[in-house]
Amino acid sequence: MPTSNLKPKTSNCTPILAVDFETCYGREYSLKKLDAWSYVHHPKFDCYLMSVYGETSTGPFEWVGHPKEFRQWHLFEGALLVAHNAAFDSLVFKRLQSLGIIPEIGNIIWRCTASMSVYLSAPRSLKKACKQLLGIAVDKTQRDKAMGQSITNLFGDDAMEAYALEDARLCYLLWDRYNHLWPTEEQELATLTYEWGQHGITVDSQRLEQSIQALELHRFNAVQHLPWVEDIDEDTPLSHRKLAEACREAGIPCPASLAMDDPECAAWEEKYGSDYVWVDAMRIFRRTNMLLKRFNTVRSRLFTPLALENTQRSSASISGSDSVARFPYGLKYFGAVPGRWSGDAGFNVQNMPRGELFDVDLRRCFIPFPGNVFIIADLCQIEPRILAWLIGDETFLDLVRSGVDIYEAHARSTMGYTDLRPLKEVDPAMRSLAKARTLGLGYGCGSKKFVAVAKNFGGLDISFAEAKQTVQDFRSKNLKIYSLWKRIDRDFKRSTGGDYYIELPSGRELRYLSVCKNTRGYYTASTEMGGRKRKLYGGLLTENLVQATARDVFAEQLLTIHRYLCGVPQAARLPCSVASPNNNHQSSTPNCMQPIGRVVFHVHDEVIVEVPESKAAQVREKILAIMSTTPDWLSGCPIEAEATINHHYTK
DNA sequence: TCGTAAGGCGCC
DNA sequence: AAAGGGCGCCTTACGA
């Protein structure tokens, strides 16, 4: 029985319409210069063209023209709207609604074909996605020329309208042909990703201002030590060439690299650092400058949501809450090879410094909405647990299941630790080494790299010889890990000339397309993620496999948490079907229920949730329960989480 | 004036 | 044969 029989065609009941908006932009006013929210709220915002292509309850439908000319908005009622980059088109849609150009329409649900494309290991852009998935060569050069023109040239331009309609048609074709290969849970997560980002994060403006002042001072002070800088905005404080000149004049050598982890530069600093502060000053400038830019980005994007919107929240009565500033962020669904989310849109929420740096703390600038708290929950050592599960290391897993500290479990199963007392108390140094081994050696890391890894993860200073010994010992005591690398490496290389697939425990597939051996003897393949061809080998592919599995665990839990916070009873796993449950049709949040709280953002294996203070303890327990649950498809793998209640983002 | 590559640095 | 990886953003340098 073909599985497609289980999947009723939904076009009979739900209108499916691909929409595409074209907006005017210029040199200064563009999405490159502005974030999406500012772009659609800018005085120059002008949506001059809308194209619609799809299937309504009465049959095929297409339309293109100025949105204010459209008279059939009733067709959008209860529709599934698809767009290539729905984050943008849905934002334009909402803006046109608030401008009165589009009426209020009930039960709309958005889906993004760009997100669908990357899930399917195809490129994100419409042009390249159509080429790979539909075999259609799209020529956008003419179109792009037309797009740059002003509205007077464009209005009534038949060619322009044809291009716009073609984009909507291609988007519809992509959706129609492939949506059944994109699980509904993933579809919902993709939509939620940009909805969460558009809602944004409340900001402590006062702390933000103080931090900017402090950083400007630090940066100014650093630059005073660089003789080639007079004007901080005109000159080049980070010029390696200028540094080389200064060193030559002083009659001293110039370090080849200024990287913090470069041993040669460390030696230079040791020898000349106290007399010549240039390298130190350049490093301080680089770090304070980057940090300052991030604070400025936040400040430039702050917006104050309408007071009306806040009245829906239980905490609306709190004084001053109507003028709370929020920061909209972007997160890229499936931005990384293993399917993890990645940062986007000029500010990466996934790499904020931990703790204080130059007297400021970026994380603490992000706070819950007044009257609420953050619950910050993360999975404990998810990747080593999954690696152990994949190779069936029951000795190790039994220890972890019994509640033994994970690094102690590693020491007991492979480093000969037999004392009945906790390792932490008996031999902290051994625990540090166990930690470095667990986190650093699972994916083929060599001796040279392990010296740095040991310092990073375990705070250890070990010699190259010791590192070599440790790497050898790890591999001999963890033969199953070693075998996994070898097996994957062998299978991958055997795929030369074709594609290589790794099936994940969740059922998802990692795809490496066009495996080939290059002239230097390295094996490469395309993942179509960022379009980069990468050098690949067993250890790396093993890491992809582990990271992807961890991502699937987290993604499922993230959706379960979201549904719980929305008051939806069911768990994340649903039978695969495009049709939505009745009440789950408005966006991703049922509008008939009172939400408990909301997901604010997430970072790989960590989720930040906002809830009214009174519900904090209860919600924390529930989130811990969700995040400690092993998915059915990973049965036997011990999953653990921790969660804190905070009044700002931190860790 | 643009895009791109490379070095550097922040996180998981 | 051996090889930790995954990201995004900043600056500088360089070439079209």
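Each chain gets a letter, A, B and so on, in the order its sequence line appears, and its residues count up from 1.
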Original post:
Does the ring of A/Y537 meet both stacking tests against the six-membered base ring of C/dA3: centre distance under 5.5 Å and plane angle under 30°?
Top reply: yes

Subject >> Donor-acceptor contact present, side-chain A/D378 to main-chain A/D605, <3.5 Å >> reply: no

Original post:
Are A/R551 and A/E186 close enough for a salt bridge, meaning some N to O gap below 4.0 Å?
Top reply: yes

Original post:
Can a side chain N or O of A/K332 be found less than 4.0 Å away from OP1 or OP2 on C/dC7?
Top reply: no

**OP:** Ignoring backbone atoms, test whether A/S239 places a side-chain nitrogen or oxygen under 4.0 Å from the OP1 or OP2 oxygen of C/dT12.
**Re:** no

Subject >> Contacts of type salt bridge (charged side-chain N to carboxylate O under 4.0 Å, His left out), residue A/E509, not counting sequence neighbours >> reply: A/R511

Subject >> For A/R283, all residues meeting salt bridge (charged side-chain N to carboxylate O under 4.0 Å, His left out), sequence neighbours excluded >> reply: none

Original post:
On DNA chain B, which is the earliest and which the latest nucleotide, 5' to 3', with an atom closer than 4.0 Å to a heavy atom of chain A?
Top reply: B/dT1 to B/dC12

From [atom1] of [X] over to [atom2] of [N], roughly how many Å is that when rounded to an integer?
| X | N | atom1 | atom2 | result |
| --- | --- | --- | --- | --- |
| A/I488 | C/dG5 | CD1 | C1' | 14 Å |
| A/K535 | C/dG6 | NZ | P | 11 Å |
| A/L439 | C/dG6 | CG | P | 18 Å |
| A/D344 | C/dG8 | CG | P | 7 Å |
| A/L441 | C/dA2 | CG | P | 15 Å |
| A/L238 | C/dT11 | CG | P | 8 Å |
| A/L387 | C/dG5 | CG | C1' | 13 Å |
| A/E383 | C/dG5 | CD | P | 14 Å |

Parallel, tilted or perpendicular, judged at 30° and 60°: which one describes the rings of [X] and [Y]?
| X | Y | value |
| --- | --- | --- |
| A/Y333 | A/Y119 | parallel |
| A/H602 | A/F554 | tilted |
| A/F492 | A/Y500 | perpendicular |

Hey, does [X] reach any base, or is it just sugar-phosphate, or nothing, if we go heavy atoms under 4.0 Å?
| X | answer |
| --- | --- |
| A/F450 | nothing |
| A/S257 | sugar-phosphate |
| A/G346 | sugar-phosphate |
| A/F554 | nothing |
| A/G539 | nothing |
| A/L258 | sugar-phosphate |
| A/R475 | sugar-phosphate |
| A/A345 | sugar-phosphate |
| A/K651 | sugar-phosphate |

Subject >> Candidate pair A/F347 and A/F327, rule ring pair (Phe, Tyr, Trp, His ring centres under 6.0 Å), full reasoning >> reply: CA-CA 10 Å; A/F347 187 95; A/F327 171 70; 5.0 Å; yes

Kindly give the atom pairs (protein nitrogen or oxygen, nucleotide nitrogen or oxygen) under 3.5 Å for nucleotides 14-16 of chain C.
residue : atom : partner : partner atom : Å
C/dC14  : OP2  : A/R241  : NH2          : 2.6

Original post:
Distance from A/S211 atom OG to A/L357 atom CG, nearest 0.5 Å?
Top reply: 11.5 Å

Subject >> Aromatic ring proximity A/F474/A/Y482, centre distance under 6.0 Å >> reply: no

Original post:
Is it true that A/F303 and A/W37 have ring centroids separated by less than 6.0 Å?
Top reply: yes

Subject >> DNA chain C contacts among residues 283-302 of chain A, heavy-atom distance under 4.0 Å >> reply: A/N289, A/M290, A/K293

**OP:** Please tell me which of A/L536 and A/N544 maps to the more 5' nucleotide of DNA chain C, matching each residue to the nucleotide holding its nearest heavy atom.
**Re:** A/L536

Original post:
Taking a pair as Watson-Crick or G-U wobble with both distances under 3.5 Å, which nucleotide is matched to C/dA2?
Top reply: none

Original post:
Paired with B/dT1: which nucleotide, if any, by Watson-Crick or G-U wobble criteria at under 3.5 Å for both distances?
Top reply: C/dA16

**OP:** Hey, could you give me each pair passing salt bridge (Lys or Arg N to Asp or Glu O under 4.0 Å) that has a residue in residues 438-465 of chain A? Not counting sequence neighbours.
**Re:** A/K455-A/D461

**OP:** Measure across A/P505 and A/L390 and return the closest heavy-atom pair with its distance rounded to 0.1 Å.
**Re:** CG-CD2, 4.1 Å

